[in-house]
Protein chains: 2
Amino acid sequence: MVLTEATTEQDRCHDRDEPPTGRQRVLEAAAWLFHRQGYRETTLRDIATASAMKAGSIYYHFDSKEQLLAAVLETGIERITADFVEAARAMPVDVAPRERLRRHVLAHLEALFIHGPFTTSHVTVFKNAPNAVRALAIPSRDAYEARWAELFDRFATEAVLKPGVDLALQRVLLLSTANATLDWFDRLGPHTVEDLAAALTNQFWLGVSALEPGAKRHRGSSPQPSSVPTAQGSTTTP
Amino acid sequence: MVLTEATTEQDRCHDRDEPPTGRQRVLEAAAWLFHRQGYRETTLRDIATASAMKAGSIYYHFDSKEQLLAAVLETGIERITADFVEAARAMPVDVAPRERLRRHVLAHLEALFIHGPFTTSHVTVFKNAPNAVRALAIPSRDAYEARWAELFDRFATEAVLKPGVDLALQRVLLLSTANATLDWFDRLGPHTVEDLAAALTNQFWLGVSALEPGAKRHRGSSPQPSSVPTAQGSTTTP
DNA sequence: GTCTATAACATGATAGAC
DNA sequence: GTCTATCATGTTATAGAC
């Protein structure tokens, strides 16, 4: 079982005009199915059907099902990292800390919800991936998380956070919450990803309390009671 | 495939002095392995070995692997619901809103981290469970979430939340964040579940910002920079 | 209640034609 | 590059002895 050289140059981007190559079709079908059904639940025959191909042909492009998963995960982390970098590049120099966070949260959420199933596979199937594949994906994931750590370190340097907060803890809380939105956003989230990013950022930065710590009461509509039995298909309980 | 009558009376509690019955041993082994490895990744032989039994013998107690999963999930939701009810029962009458939330968050986290693998299976394997099993578990899960909705509705009635907040959204944010702690608490969380509950509640209620909205600066130590490459084995990225 | 043995099936992977 | 076999293996589930 060979698990090196998981991705190639053309995995990352291919000409939009050309019809996708065979390898690319397999890769995209696998990403979609892995995200949707899980790794173990997806058979090579599923992937072949979705790629307009027969199962045996997949082995011309990939050595094994595990290597296919490795390529999907690697592509995903490359894309979400690129989106982080692009968000940082497009950041105005004088932007306030909370707005800076909001833009990065938005980039992260857009990478998940808009930029295809490669990124989401990291949330959906990474945990249950075979050990060899998981080990292969960890360095890229840690590198991505390190970028977030830098972001939080800068908040600390600017002294805009509550004194004594655990930066690593807060970072993981925010990212895991953002990732978990995949489970329920279609069901009861705000309508757009922009709204979701704003809601998440505001909750994280300001909390939900109207009174503490010594803030003045806002004017405006009171919160409306929620419909108690939510939607069928609870995906966040417990 | 019969999926009704997933649990029996003795699944919920059995005498502590007696050695566990065969059915109970199978159920607990299954819960543990499902949570640890996933449903598809766990074979009946795995469960049999962990139950000091042979694979064929499992079918004396359960009709199918799916029914076994259904019993695990049903037991889990019964236990976490019981913990919620107990937390409410033990609640002082004059308790402040944030403390009320903290106690329920603690009960939820203890149900996950302390009260065994039945509850955690809902977080770990529910999403990838076979359709029939998932459909069977949804009503109990919704009933549990409805208890949280009542809690949030009471906050709204008491007007302790920011005006205009979406109660359903905030509830799901909190619960999904709490559930996600399963992925990383052992790695970089606070030391005790009590500390985790407090940290989660404070973040949710107050946010992380030191300055907004118009709060006075605290005295105390400044946040310390986080070690940038966190731990190996990132489980929350992206 | 638990065992052994095995049926029935699905899956990842390979070989060789085209 | 893709196809049609087919192999080898592992898995759920059943049958019947003890």
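Letters go in sequence order (proteins before strands), and every chain restarts at 1.
Among the atoms of the strands shown, none is found under 4.0 Å from any heavy atom of A:Ser51. Within 4.0 Å (heavy atoms only), B:Lys65 reaches sugar-phosphate atoms of the nucleic acid but no base atom.
Here the nucleotide nearest the side chain of B:His61, chosen from C:dG12, C:dG1, D:dA13, is C:dG1. Comparing C:dG1, D:dT11, C:dA13 by their closest approach to the side chain of B:Thr43 singles out D:dT11.
When rounded to the nearest whole Å, the span between CG of B:Asp46 and P of D:dG10 equals 13 Å. If you take OH of A:Tyr59 and P of C:dA17, they are 21 Å apart, rounded to a whole angstrom. Nucleotide D:dT14 holds its P atom 8 Å from the CG atom of B:Asp63, rounded to whole Å. Distance CD1 (A:Ile47) to P (C:dG12): 8 Å, rounded to an integer number of Å. When rounded to the nearest whole Å, the span between CD1 of B:Ile58 and C1' of C:dC3 equals 13 Å. Rounding to whole angstrom units, CZ of residue A:Phe62 and P of C:dG12 are separated by 15 Å. The distance between atom CG of B:Leu44 and atom P of C:dA5, rounded to the nearest whole Å, is 19 Å. Between the CD atom of A:Gln24 and the P atom of D:dT2 there is a distance of 13 Å, given to the nearest Å.
In this structure, B:Ser57 reaches the C:dC3 phosphate: one of its side-chain N or O atoms is under 4.0 Å from OP1 or OP2.
Remark: B:Lys65 is positioned above the aromatic ring of B:Tyr39, its terminal NZ or CZ atom under 6.0 angstrom from the ring centre and at most 45 degrees off the axis. A cation-pi arrangement is absent between B:Arg171 and B:Phe152 under the rule of less than 6.0 angstrom and at most 45 degrees off the ring axis.
Residue A:Tyr60 is the one, among A:Tyr60 and A:Arg45, whose nearest nucleotide of DNA chain D lies closer to the 5' end (criterion: closest heavy atom). Place B:Tyr39 and A:Met53 on DNA chain D by their nearest nucleotides, and A:Met53 ends up nearer the 5' end.
For the pair B:Asp46 (side chain) and B:Thr43 (backbone), a donor-acceptor distance under 3.5 Å is present. In this structure a side-chain-to-backbone donor-acceptor pair under 3.5 Å is missing from B:His104 to B:Ala87.
For the residue pair B:Asp83 and B:His115, a side-chain donor N or O sits within less than 3.5 Å of a side-chain acceptor on the partner.
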